[in-house]
Amino acid sequence: MHYIDALNDKQKEAVFHLGPPLLILAGAGSGKTRVITTKIAWLIQEKGYDPRSILAVTFTNKAADEMKTRVLSMVDGAENVMIKTFHSFGAWLMRRNSHLLGLPPRFSIYDDDDMVALLKTVLKTVVKEKITAQNLRWIASSISRAKDKCLTPDDDLSAIDFDKSFHIKYRAYQSRIEEMGCADFGDLIMRPVRFLRENPQVKKRLQQRFTVILVDEFQDSNRAQFELLKEFYYEDNYLCVVGDEDQSIYSFRGAEVQNIVEFPKIFPGTKVIMLEQNYRSTGNILKLATKVVEHNEYRLGKNLWTKNKNGDLPVLYQASDQDEEALFCAHLLKDGNFNGTAILYRNNYQSRAFESLFIRLRIPYRIVGTLRFYEREEIKDILAYLKFLVNMKDEVAFTRIINKPPRGIGGKNQEKIKTSPGNDYLEKSKNILPELSKKIKDNLVYFINVIEESLRIIESHEPGEVVQQLIFRSGLYDHYKEKDKNDNTMKLQNLEEFVNATASYPGGMEGLALFLEATLLDSSNENPYVSEEKVTLITVHNTKGLEFDRVILTGLEDGLFPHLSHSDFRDDNDIEEERRLFYVGVTRARKELYFTCCIKRLVFGQYISQYLSRFLSEIPRDCLQPFHSIKAESGQYFSRGDRVSHPEYGTGTIDRRWDNDDEEMVIVRFDSGRYLQFITGYSKLEKLQHS
DNA sequence: GTTAAAGGATTTTTT
DNA sequence: ATCCTTTAAC
């Protein structure tokens with residue numbers, strides 16, 4: 001097998017191992033995905049495993065997709081290998097056994113916002129105290145954390161929430177969500193665990209089917225996920241987990257580093273293989289990363305090394321504030337290497353300074369992570385309509401759509417509908433009709449007709465057709481057309497894109513349910529425009545698994561990165577996780593690494609003095625070099641009346657010229673009639689000779 | 001029940 | 001600085 005030759009000795013050892021459980025500790029950039037995919041190919045091709053008996057679990061859809069693609073290219077029959085995220089695997093298991101779980105086969109999946117919306121209605125009847133939106137978020141997150149640990153309302157929840165009545169709220173929420181035939185993210189793991197414990201025959205069948213289980217990014221697994229794994233595992237089967245304890249960065253979501261660190265103790269006889277050769281970064285970048293992460297105590301410890309050349313020393317640039325920090329990035333980007341560059345930050349909101357500058361300078365960028373497509377208001381609206389079609393007991397979906405667009409059916413009337421008799425919200429709506437005033441009644445009848453018409457055509461039409469009709473008939477189209485005009489948004493366009501997204505799905509209820517599941521579980525927000533040259537703006541968390549020629553790690557200020565919002569509650573574990581996050585950021589870089597920090601920063605509209613990140617002081621002197629001012633390079637290049645040319649906008653004349661903060665600014669009147677402003681030092685303007 | 005103004009909270013990180 | 005929720009007016 002030729003693809004084996006591409007591996008180093010340790011990687012080969014990992015691929016060829018069989019027998020007791022295997023823990024692969026794979027350092028950053030050590031070729032871990034290659035090892036897993038090769039292992040799958042080897043098992044099928046050389047060891048004769050049935051592809052159907054192999055289960056590979058990842059954390060993100062992106063990782064799952066990549067693994068699928070790579071395995072498919074290596075071996076025939078690989079489409080039968082089950083490669084899924086933990087959550088989609090849980091959903092798969094629950095759908096197959098929905099009858100035993102007391103769920104409808106097409107149960108709907110609730111995201112965090114849906115959880116909050118449901119809690120809001122549930123808690124009204126359970127507690128007297130006033131619940132604010134923040135309280136709701138807190139409780140929702142406590143419920144998620146409890147589920148991450150596989151804890152039910154009957155278990156001891158004191159470690160989750162101080163609130164003595166938390167278990168009451170949790171119980172009320174849980175019985176309501178089950179009654180409606182819905183499941184939140186946490187349920188997708190916890191319910192399968194409990195289900196397998198109570199149904200040994202089903203468990204046995206699954207154990208017989210999946211004789212090989214591989215888990216990627218194991219350092220980010222939570223307890224429930226570990227429990228699920230334990231339910232699956234038995235001695236005759238093969239279990240292989242891959243991860244890097246130094247890259248465990250999701251404890252806020254319930255991930256427990258202990259899972260990987262203690263793995264050999266929990267599975268005695270575990271074989272441990274370390275992949276320590278790094279293929280990604282230069283020697284200097286790797287050394288810096290290693291030196292900083294060595295400050296962590298809770299780790300197994302690896303010694304990363306590389307055959308790559310040392311490369312340039314990483315650079316530190318101290319900016320006066322976030323705007324100058326952005327200017328520095330723009331300065332580096334003058335070389336035009338957009339695709340190869342990523343600007344990393346700790347918090348999403350930090351992207352703003354970069355965005356506003358890059359728009360002005362016309363530097364092309366893409367933002368990864370924020371404002372995901374399916375989280376947009378208009379998309380959630382149409383999704384709610386569809387969810388309601390699939391499951392008309394779904395109260396959250398119903399509440400979202402009943403008065404969207406406004407139909408005059410507000411809180412009072414909604415309450416009437418909810419308390420009227422009926423098995424689901426369509427029946428309830430019909431039954432309340434006689435009690436309503438003429439105007440409200442007409443509107444509700446219209447709504448009912450929209451739903452029933454969609455139900456009628458759903459089996460006989462393409463999904464795109466159904467969605468398109470729904471958008472028009474529900475009134476969302478007119479509603480957002482108006483809104484687009486007033487607020488200059490592009491919501492209609494997004495709805496249009498949504499229709500396109502349904503294209504590859506089969507028709508009917510079944511196809512719709514498939515589409516909804518895929519949409520809710522797939523958070524990937526990749527734009528399809530990869531071919532265009534763009535700088536990547538991204539949170540450090542989102543960079544997991546990515547790499548870039550040049551990385552700029554920004555906002556290296558104490559309190560920001562490491563993030564310390566409630567310093568009193570922070571302990572060593574939190575700092576160690578922040579340090580791991582720093583390590584993740586650093587090890588994304590292939591060739592060039594820059595750090596930036598600000599002396600002062602705009603926080604809630606006020607400038608606050610900042611201090612250097614403690615992580616910077618953990619970097620040995622000889623691993624870092626300072627970068628001196630980017631200014632003083634500018635001077636006067638243009639005068640009013642000069643003829644200029646620009647590669648994108650053509651030729652024009654300088655209309656105005658002035659200095660702003662040591663930067664030369666001009667406004668150009670292009671011959672096309674457009675007026676555009678430039679900072680000359682960052683623009684592609686060229687002076688033309690007068691002829 | 002809907003719209004406008006004012007006041008208050010927000011900032012981790014996401015399957 | 002901006003977004004969101006609550007309150008007051010129509």
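To find a chain, count down the sequence lines: A is the first, B the second, and so on, and within it residues start at 1.
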(message) Between P on B/dT12 and CG on A/Asn542, what's the gap in Å once rounded to a whole number?
(response) 16 Å
(message) With a cut-off of less than 4.0 Å, is there a side-chain N or O of A/Ser221 near OP1 or OP2 of B/dT15?
(response) no
(request) Side chain of A/Arg352 only, please: which of C/dT2, B/dT14, B/dT12 is the nearest? (result) C/dT2
(request) State which of C/dA1, B/dT12, B/dT15 makes the closest approach to the side chain of A/Leu602. (result) C/dA1
(message) Output the rounded distance in Å from CD (A/Glu355) to C1' (C/dA1).
(response) 14 Å
(request) Under 4.0 Å between any heavy atoms, over every strand shown, what does A/Asp112 touch: base, sugar-phosphate, or nothing? Just pick one. (result) base
(message) If you assign each of A/Val603 and A/Phe185 to its closest nucleotide in DNA chain B, which residue comes earlier from the 5' end?
(response) A/Val603
(request) Could you check whether A/Phe86 gets within reach of a base, just the sugar-phosphate, or nothing at all, counting any heavy atom under 4.0 Å? (result) nothing
(request) State which residues pass salt bridge (charged side-chain N to carboxylate O under 4.0 Å, His left out) with A/Lys600; sequence neighbours excluded, sorted by chain then number. (result) none
Side chains of residues 602-612 of chain A: which donor-acceptor partners sit under 3.5 Å, not counting sequence neighbours?
residue  : atom : partner  : partner atom : Å
A/Gln610 : NE2  : A/Glu557 : OE1          : 2.8

(request) Compare side-chain N and O positions of A/Asn348 against OP1 and OP2 of B/dT13 and report whether any pair is under 4.0 Å apart. (result) yes
(request) Write down the distance between CG (A/Leu444) and P (B/dG1), rounded to a whole number of angstrom. (result) 13 Å
(message) Here's a test of your reading of the structure: between A/Ile409 and A/Ile249, which maps to the more 5' nucleotide of DNA chain B?
(response) A/Ile409
(message) Taking only the C1' atom of each, what is the distance from C/dT5 to B/dT12 in whole angstrom?
(response) 22 Å
(request) Look only at the side chain of A/Thr543 and the backbone of A/Leu546, and say whether a donor-acceptor pair between them is shorter than 3.5 Å. (result) no
(request) Round to a whole Å and report the spacing from CD of A/Gln606 to C1' of B/dT10. (result) 14 Å
(request) State whether the side chain of A/Asn259 and the backbone N or O of A/Ser221 hold a donor-acceptor pair below 3.5 Å, judged by distance alone. (result) yes
(message) Ring centres under 6.0 Å, that's the criterion: do A/Phe59 and A/Tyr250 meet it?
(response) no
(message) Using OP1 and OP2 only, check whether a side-chain N or O of A/Asn403 sits under 4.0 Å from B/dT2.
(response) yes
(request) Determine, answering yes or no, if A/His87 is stacked on B/dT15 under the 5.5 Å centre rule and the 30° plane rule. (result) no
(request) To the nearest Å, give me how far apart CG (A/Leu136) and C1' (C/dT5) are. (result) 12 Å
(request) Please confirm whether any donor atom in the side chain of A/Tyr349 sits under 3.5 Å from an acceptor in the base of B/dT11, or the reverse. (result) yes
(message) Would you say the rings of A/His541 and A/Phe252 are close, in the sense that their centroids are separated by under 6.0 Å?
(response) yes
(request) May I ask you to say what A/Asn413 touches in the nucleic acid, namely base, sugar-phosphate or nothing, with a heavy-atom cut-off under 4.0 Å? (result) sugar-phosphate
(message) Taking only the C1' atom of each, what is the distance from C/dT6 to B/dT11 in whole angstrom?
(response) 22 Å
(request) Whole angstrom is fine here: how far is it from CD1 in A/Ile608 over to P in C/dA1? (result) 13 Å
(message) Nearest whole Å is fine: how far is B/dT15 P from A/Glu517 CD?
(response) 16 Å
(message) Output the rounded distance in Å from CG (A/Asn347) to P (B/dT10).
(response) 15 Å
